[in-house]
Visitor: 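Questions regarding the structure given below will be posed in turn.
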Amino acid sequence: MSRNVKMARRLLSGLKPLVPRLEKICADGAYGGEPLAEWCRDEGGRELEVVGRDREASGFRVEQKRWIFERTFGRLGMSRRLAKELQARGPDRRDAHRG
């Protein structure tokens with residue numbers, strides 16, 4: 001079982017009390033495969049729809065529902081608290097005043 005699938009199970013296992021009406025989960029191609037889809041059906045009665053990229057397509061193509069993932073991760077990337085670059089900037093700002 002891949003790390004993506006393990007983390008997806010961990011995340012989805014806590015969703016039922018928070019979002020009881022959720023029936024369908026859309027996931028990126030990295031979460032594809034029958035084991036996760038079967039787990040979603042057994043654990044929460046939810047359908048897992050994997051939205052993958054067409055491997056035979058060349059160049060840019062708009063994929064159905066793929067824009068949802070791209071938009072979401074684009075917005076998350078703009079969040080200052082989630083920006084990876086802040087962690088790799090160098091010395092901590094608290095150390096800057098110590099000269």
Side-chain angles (χ1 to χ4, degrees):
M1 181 182 332
S2 74
R3 182 171 185 227
N4 288 336
V5 173
K6 286 180 186 177
M7 294 307 290
R9 283 185 177 186
R10 194 169 166 192
L11 172 75
L12 296 173
S13 65
L15 270 182
K16 190 158 186 125
L18 298 174
V19 193
R21 294 178 21 189
L22 182 67
E23 295 177 4
K24 187 175 195 176
I25 299 167
C26 294
D28 191 78
Y31 302 97
E34 191 55 33
L36 184 59
E38 187 176 318
W39 183 86
C40 286
R41 280 191 300 273
D42 294 344
E43 291 296 314
R46 297 183 172 130
E47 176 188 353
L48 177 70
E49 179 182 347
V50 177
V51 181
R53 186 174 174 268
D54 184 7
R55 297 287 178 203
E56 296 186 16
S58 63
F60 177 78
R61 275 189 59 204
V62 177
E63 305 272 340
Q64 183 181 15
K65 296 186 183 177
R66 179 78 185 176
W67 65 271
I68 297 170
F69 296 103
E70 299 299 332
R71 179 195 62 196
T72 301
F73 287 115
R75 287 181 181 168
L76 288 174
M78 290 189 300
S79 172
R80 187 168 187 266
R81 291 180 182 245
L82 298 175
K84 296 173 194 88
E85 293 83 26
L86 291 176
Q87 297 173 359
R89 276 198 181 160
D92 191 357
R93 291 184 184 206
R94 290 176 288 182
D95 295 334
H97 72 279
R98 293 186 184 158

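Note that this is a predicted model, so its numbers are computed, not measured.
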Visitor: What closest approach, in Å, do Leu36 and Ala8 show between heavy atoms, and which atom pair accounts for it?
Guide: CD2-CB, 4.0 Å
Visitor: Does Arg41 have any salt bridge (charged side-chain N to carboxylate O under 4.0 Å, His left out) partners at least two apart in sequence or in another chain, and if so, which?
Guide: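 Partners of Arg41 by the salt bridge (charged side-chain N to carboxylate O under 4.0 Å, His left out) criterion, ordered by chain and then number, come out as Glu34.
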Visitor: Under the side chain to side chain contact (heavy atoms under 4.5 Å, CB included) rule, collect the residues that match up with Glu23, sequence neighbours excluded.
Guide: none
Visitor: Could you walk me through whether Trp39 and Val5 pass side-chain contact (heavy atoms from CB on, under 4.5 Å), step by step?
Guide: CA-CA 10 Å; Trp39 183 86; Val5 173; over 6 Å; no
Visitor: What residues, two or more places apart in sequence or in another chain, satisfy side chain to side chain donor-acceptor pair (under 3.5 Å) together with Glu49?
Guide: Lys24, Lys65
Visitor: Any idea which heavy atoms bring Arg46 and Leu22 closest together, and the distance?
Guide: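 Closest pair (atom of Arg46, atom of Leu22, distance): NE-O, 2.9 Å.
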Visitor: Just so I know, are the side chains of Met7 and Leu11 near enough to count as touching, which here means a heavy-atom distance under 4.5 Å?
Guide: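 Met7 vs Leu11: side chains apart.
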